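Only one structure is covered here, and it is reproduced in the block below.
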Amino acid sequence: MLTIAVRAAREASRIITRNFNRIDRLTITDKGSNDFVSEVDRNAEAVIINILREKYPHHAILAEESGKHVGDDYQWIIDPLDGTTNFLHGFPQFAISIALKIKGRLEMGVVYDPISDEMFTASRGEGALLNDRKIRVSGRKSLEGALLGTGLPYRDFSFTDNYLGMLKDLMKDSAGVRRPGSAALDFAYLAAGRTDGFWELGLSEWDFAAGAVLVREAGGLVTDIGGGERFLDTGNVIAGNIKVHNAMLKRILPHLDDKLTA
Ligand code: IPD
Ligand code: CA
Ligand code: CA
């Protein structure tokens, strides 16, 4: 199944890279405030779904642009282009993200960066790979010297004050904070030890389901923003190597309120 998911990601990447040089000619629609989508997102998603459906006609699918397709206990979770805003600006940081859940449990993740040709893959219990070489989360022992990734709110501003409190505390205790603009790649970079920790509020399942498998399989920890298990449902997430994760959680907890932990 991993081979098929990798093939689907590569096929979708052809559509994405072909269009990267002609962004000014794309039809772009706004799904909501600051939530853009182009025919590239839709066509890339259709290609992925066709490949998966051809092989696995009975599997269920949850895809960002076309929503839920019913099926059996196997569910593919697809973000055909994570980092659409970057893509539409010609900012070369975006990815294709495909995850597989079996009976509600995350089993497999593929994140592909077509610009750098980096294919991140992981299956539960088998470790995480970058272009077929094993990757591990960093060995950093505290926030001191740590490089953190995050996502700034840009659509839903209901938790902005909580978020800014977290940012203030984490930026002063770490070596720096980056906001590259693709959650899928943020998780992949964390899995590869390029960053030491990551947090964001308000993600959707397709943004980071695959990334969460990568980080876990690379030896890292992924939790919801309160340190619990419900990260996929809430979309509020902290991830890191275990020590950095715990240090981040300590700085984040004072900025939570009932709404964020509900
Ligand atoms: C977005 C990216 C971004 C994150 C947003 C996501 P999209 O996905 O992952 O990094 O901050 O919350 O929605 O819309 O480009 O697929
Ligand atoms: Ca996304
Ligand atoms: Ca997307």
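In this chain, numbering begins with 1 at the start of the sequence shown. Order of listing sets the numbers, starting from 1, for every ligand and every atom in it. What you see is a predicted model; the values in this text were computed from it and never measured. All values below come from the heavy atoms of this structure, side chains included, with hydrogens, waters and symmetry mates left out.
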*asked:* For Asp224, is there any backbone N or O sitting under 3.5 Å from a side-chain donor or acceptor partner on Arg230?
replied: no
*Hey, is Asp82 touching ligand 1 through its side chain, its backbone, both or neither, going by heavy atoms under 4.0 Å?*
both
_For Asp79, the ligand 1 atoms whose distance to one of its heavy atoms is below 4.0 Å_ = 16 (O)
*Modelled atom types, side-chain donor and acceptor of Asp82 and Ser97, under 3.5 Å*: no
*Would you check if the side chain of Asn86 reaches a backbone N or O of Pro180 as a donor-acceptor pair within less than 3.5 Å?*
yes
*Quick one: does Leu81 get within less than 4.0 Å of ligand 1, heavy atoms only?*
yes
_Nitrogen or oxygen atoms of Ala183 and ligand 1 under 3.5 Å apart_ = yes
*Is it true that Arg42 and Glu65 have a side-chain N and a carboxylate O under 4.0 angstrom from each other?*
no
*Mind checking how many protein N/O/S atoms fall short of 3.0 Å from the Ca ion (ligand 2)?*
3
*Just let me know how Asn86 lines up against ligand 1, side chain, backbone, both or neither, with a heavy-atom cut-off below 4.0 Å.*
neither
*With a 4.0 Å cut-off on heavy atoms, does Tyr154 reach ligand 1?*
yes
*What is the ring orientation for Trp199 with Tyr163, classed by angle as parallel under 30°, tilted 30 to 60°, or perpendicular over 60°?*
parallel
*Residues in salt bridge (Lys or Arg N to Asp or Glu O under 4.0 Å) contact with Asp173, at least two apart in sequence or another chain*: Arg251
_Identity of the nearest option to atom 7 (P) of ligand 1, non-hydrogen atoms only, from Gly149, Ser182, Gly83, Gly181_ = Gly83
*At a 4.0 Å threshold, what atoms of ligand 1 neighbour a non-hydrogen atom of Glu64?*
16 (O)
*Is Lys68 salt-bridged to Glu205, going by a charged N under 4.0 Å from an acidic O?*
no
*For atom 10 (O) of ligand 1, which candidate among Gln93, Glu200, Arg155, Arg179 provides the closest heavy atom?*
Arg179
*Answer yes or no: is there a donor N or O on one side and an acceptor on the other, between the side chain of His255 and the main chain of Gly165, under 3.5 Å?*
yes
*Atoms of ligand 1 close to Thr84 [distance to a heavy atom under 4.0 angstrom, numbered from 1]*: 15 (O)
*Do you know which two heavy atoms are closest between Arg53 and His69, and how far apart they sit?*
NH2-CB, 3.7 Å
*Asn241 (side chain) donor-acceptor with Ser138 (main chain) under 3.5 angstrom*: yes
*Is the closest side-chain heavy-atom distance between Leu88 and Phe94 below 4.5 Å?*
no
